Protein chains: 2
Amino acid sequence: MALEHAILVSLAERSASGYDLARRFDASIGHFWKASHQQIYKVLARMEGDGWVSSETVAQAGRPDKKVYVVTSAGRTELAAWTARPTAEEHLRSEFSVKLRALPFGDAAAIVEDVRRQRRHHADRLAYYVESAAKFYPDPDSLTHDQLGGWLVLRGGLLTEETAIRWCDEILQRLLDAEADR
Amino acid sequence: MALEHAILVSLAERSASGYDLARRFDASIGHFWKASHQQIYKVLARMEGDGWVSSETVAQAGRPDKKVYVVTSAGRTELAAWTARPTAEEHLRSEFSVKLRALPFGDAAAIVEDVRRQRRHHADRLAYYVESAAKFYPDPDSLTHDQLGGWLVLRGGLLTEETAIRWCDEILQRLLDAEADR
DNA sequence: ATGCACATGTAAGCTGTTACATGATTTT
DNA sequence: AAAATCATGTAACAGCTTACATGTGCAT
């Protein structure tokens with residue numbers, strides 16, 4: 001149950017409507033926590049019931065009204081309390097790893113193609129992170145207090161994608177060697 | 001919906017009861033796919049209904065009977081077909097990253113402690129992987145066809161944990177620098 | 001006597017996904 | 001005229017977690 005907290009963090013950074021949040025969860029925050037708009041609306045309603053956020057309907061010119069959510073002081077208290085609680089040990093859930101282990105029972109050529117596809121995904125995300133780093137943190141040696149968290153998360157993304165690519169390359173080398181051997 | 005396939009892979013490697021599978025999902029396979037015994041029993045029942053596995057009750061001396069599951073030929077067909085389907089792009093879900101981003105709104109000292117805890121988890125898992133590698137793959141340059149998948153998955157685990165530790169160290173350095181600055 | 005390993009489940013509830021629903025405005 | 005963007009939801013279902021339930025045999 002941490003979507004609540006992801007939303008609290010995002011709203012604490014800047015107030016937004018459910019729709020705005022959904023777009024953020026498609027981009028920046030979405031790189032380490034995905035959420036659909038349906039789920040976001042549902043959780044926002046619950047959070048408002050719990051008094052963590054409050055909403056105000058804002059009329060717009062030539063566009064539908066939107067409900068802008070703001071973190072309440074109870075919400076800020078909860079957010080701070082959550083940061084003080086230890087994070088649960090997070091375990092991977094990697095379908096790709098299961099598939100690798102299925103090598104002796106499956107289609108090796110298809111799996112090689114799959115590894116290439118994964119590598120492409122990781123390379124795309126790495127490129128995105130590199131671009132984001134250049135754009136939002138041009139001088140990483142002098143960050144403001146507010147920027148530090150975002151920068152560290154981005155560093156995690158960069159390191160993770162670089163490693164994933166190295167892993168894919170290692171897999172491809174092994175699989176192609178094994179193929180040549182036959 | 002890939003628990004089915006994780007179970008098929010595990011049963012294809014060696015037939016087992018639900019209880020046996022639950023223990024495997026606590027250890028080897030569990031490092032990249034977690035599942036509780038309750039869930040495993042439920043999915044096994046469904047898989048038997050679908051004809052992917054069949055079971056036989058085996059009496060044991062001084063122990064309760066157990067239902068040993070075997071992959072059927074339909075199950076093997078499904079497993080092979082699954083390996084030929086592309087793996088969905090898997091996205092991280094990292095509560096830890098959300099917490100890092102919550103730095104400006106939370107308890108920095110508690111977060112530092114949390115990073116140290118995460119680092120310990122990763123170091124523990126890395127040690128486990130290193131040990132497993134030495135034990136099960138003493139000579140990685142000459143692997144059998146059946147061993148290759150398992151070895152590659154283990155390599156992924158190793159690379160991932162090493163990277164996670166490097167990331168934690170980078171975070172700690174930054175956070176302690178920032179603290180010293182104040 | 002207490003607890004642990006073995007062994008298999010049911011039930012309730014929460015989270016998350018997919019499909020459906022509506023309607024205005026702007027861009028192609 | 002059709003498609004995309006803005007904007008907010010409901011409903012059904014699938015997946016997973018947590019709590020409950022039961023019973024044997026062995027070790028401490």
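Letters A, B, ... are given to chains in the order of the sequence lines, protein chains preceding strands, and every chain is numbered from 1. Not measured: the values here are computed from a predicted model.
The side chain of A:Arg93 contributes an N or O atom lying less than 4.0 Å from OP1 or OP2 of D:dC16.
One can place CG of B:Leu3 at 16 Å from C1' of C:dG16, the figure rounded to the nearest angstrom. The nearest whole Å value for the distance from the CE atom in A:Met47 to the P atom in C:dT15 is 12 Å. For B:Leu44 and D:dC16, the CG to P distance is 14 Å, given to the nearest whole Å. Distance, B:Lys42 NZ to C:dA12 P: 12 Å, rounded to whole Å. Taking atom CD on B:Gln39 and atom C1' on C:dG13, their separation rounds to 15 Å, with Å as the unit. Remark: P of D:dT8 and CZ of A:Phe25 are 15 Å apart, rounded to the nearest angstrom. When the P atom of D:dT17 is taken as reference, atom CD1 of B:Ile40 falls 11 Å away, rounded to whole Å. The CD-C1' distance, from B:Glu90 to C:dT17, rounds to 17 Å in whole Å.
Looking only at distances, a side-chain donor or acceptor of B:Arg24 sits under 3.5 Å from a matching main-chain atom of B:Ser10. Between the side chain of A:Lys99 and the main chain of B:Trp82, a donor-acceptor pair closer than 3.5 Å is present. Listed for the A:Asp169 side chain is no donor-acceptor partner under 3.5 Å among the backbone atoms of A:Arg166. Side chain of B:Thr72 to backbone of B:Trp52: a donor-acceptor contact under 3.5 angstrom is found.
Judged as a salt bridge (Lys or Arg N to Asp or Glu O under 4.0 Å), the pairs with a partner in residues 79-94 of chain B (not counting sequence neighbours) are, in order, A:Arg125-B:Glu89, B:Glu78-B:Arg85.
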Can you give one letter per nucleotide of nucleotides 1-9 of chain C, 5' to 3': B if a protein heavy atom sits under 4.0 Å from the base, S if only from the sugar-phosphate, - if neither?
----SBBBB
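With axes fitted over five pairs at each extremity, the angle between the ends of the helix from C:dA1-D:dT28 to C:dT28-D:dA1 is 30° (10° resolution).
Annotation: of the two residues near DNA chain D, B:Ser36 and B:Ala61, the 5′-most nearest-nucleotide partner is B:Ser36.
Taking CH2 from B:Trp33 and CD1 from B:Ile7, the interatomic distance works out to 11.0 Å, rounded to the nearest 0.5 Å. Atom NE2 of A:His37 sits about 9.5 Å away from atom OH of A:Tyr19, to the nearest 0.5 Å.
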Give the C-alpha distance, both sets of side-chain angles, the deciding distance and a yes or no for side-chain hydrogen bond (donor to acceptor under 3.5 Å, both in side chains) between B:Thr57 and B:Asp65.
CA-CA 7 Å; B:Thr57 303; B:Asp65 294 356; over 6 Å; no
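More than 12 heavy atoms of other residues, nucleotides or ligands shown are found within 6.0 angstrom of CD on A:Gln60.
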